[in-house]
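What follows is a single structure, written as structure tokens, with notes after it.
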Amino acid sequence: MSGFKNFLLRGNLIELAVAFIIGGAFATVVAATVDVLLDLVGKIGGTPDFSNYEPGGVAVGAWLTAVISFVILAAVVYFFIVTPYTKAKERYFPSAPPGTPEDVQLLREIRDLIATQQGRTPPA
């Protein structure tokens, strides 16, 4: 029983549950946004559902609807989620300025120390 108790009380389980719940709610919002945008596409083309579209007797309507939904979904996720998140992240948590990586700096220090011990002037 103690193993089960430890499993339940670990922080990862709670974080995962919260992420799952928020993800489900968020998926509903994104799906509703896609439906609105697909309806707008339908206003332009006459119908938001192309399921009955069969040029030359080939039923490509469902595929066309799925492709348009996917493109709209990708655009919604990118322009309304990824782009604002990236800008906010850079604004509030700016990335470190580029510089010499720590391991390269350490190797240079070792090189300079060896040069000094051998009586040579370390390179600049």
Side-chain angles (χ1 to χ4, degrees):
M1 239 6 220
S2 67
F4 182 68
K5 179 181 160 187
N6 290 339
F7 171 74
L8 287 178
L9 295 178
R10 275 194 300 191
N12 294 348
L13 181 66
I14 301 301
E15 291 170 2
L16 183 60
V18 169
F20 185 75
I21 292 167
I22 295 296
F26 186 69
T28 304
V29 171
V30 171
T33 305
V34 168
D35 288 342
V36 167
L37 294 175
L38 197 55
D39 284 344
L40 292 174
V41 168
K43 296 284 185 195
I44 295 169
T47 179
D49 185 10
F50 303 101
S51 297
N52 297 326
Y53 182 62
E54 296 180 7
V58 178
V60 295
W63 178 81
L64 186 59
T65 301
V67 168
I68 291 171
S69 293
F70 173 77
V71 169
I72 291 172
L73 176 69
V76 166
V77 168
Y78 181 76
F79 291 112
F80 295 118
I81 299 162
V82 174
T83 301
Y85 172 77
T86 304
K87 288 180 182 177
K89 184 178 173 187
E90 277 300 313
R91 180 176 179 194
Y92 295 110
F93 303 102
S95 56
T100 306
E102 191 174 321
D103 56 345
V104 173
Q105 184 62 32
L106 182 61
L107 288 171
R108 286 181 180 165
E109 290 174 13
I110 292 170
R111 177 198 63 197
D112 295 346
L113 181 61
I114 291 172
T116 303
Q117 287 176 349
Q118 292 178 349
R120 293 182 287 131
T121 305

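Counting only residues at least two apart or on different chains, no side-chain hydrogen bond (donor to acceptor under 3.5 Å, both in side chains) pair has a member in residues 76-85. Sequence neighbours left out, the pairs with a member in residues 103-124 that pass side-chain hydrogen bond (donor to acceptor under 3.5 Å, both in side chains) are Gln118-Arg120.
For Leu107, there are no side-chain contact (heavy atoms from CB on, under 4.5 Å) partners two or more places apart in sequence or in a different chain. Annotation: side-chain contact (heavy atoms from CB on, under 4.5 Å) contacts of Val36 (sequence neighbours excluded): none. Listed by chain and residue number, nothing satisfies the side-chain contact (heavy atoms from CB on, under 4.5 Å) test with Pro94 (two or more places apart in sequence, or in another chain).
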Listing, residues 18-34 side-chain donor-acceptor contacts under 3.5 Å, not counting sequence neighbours, or none:
| unit_1 | atom_1 | unit_2 | atom_2 | d |
| --- | --- | --- | --- | --- |
| Thr28 | OG1 | Gly24 | O | 3.1 |
| Thr33 | OG1 | Val29 | O | 2.9 |

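Phe93 belongs to a hydrophobic cluster whose other members, connected by ILVMFWY side-chain contacts under 4.5 Å either directly or through intermediates, are Tyr92. Clustering of Ile, Leu, Val, Met, Phe, Trp and Tyr side chains at separations under 4.5 Å places Ile114 together with Leu106, Ile110.
A distance of 9.0 Å separates CD1 of Ile72 from CG of Asp39, quoted to the nearest 0.5 Å. A distance of 10.5 Å separates CG in Leu73 from CG in Asp35, rounded to the nearest 0.5 Å.
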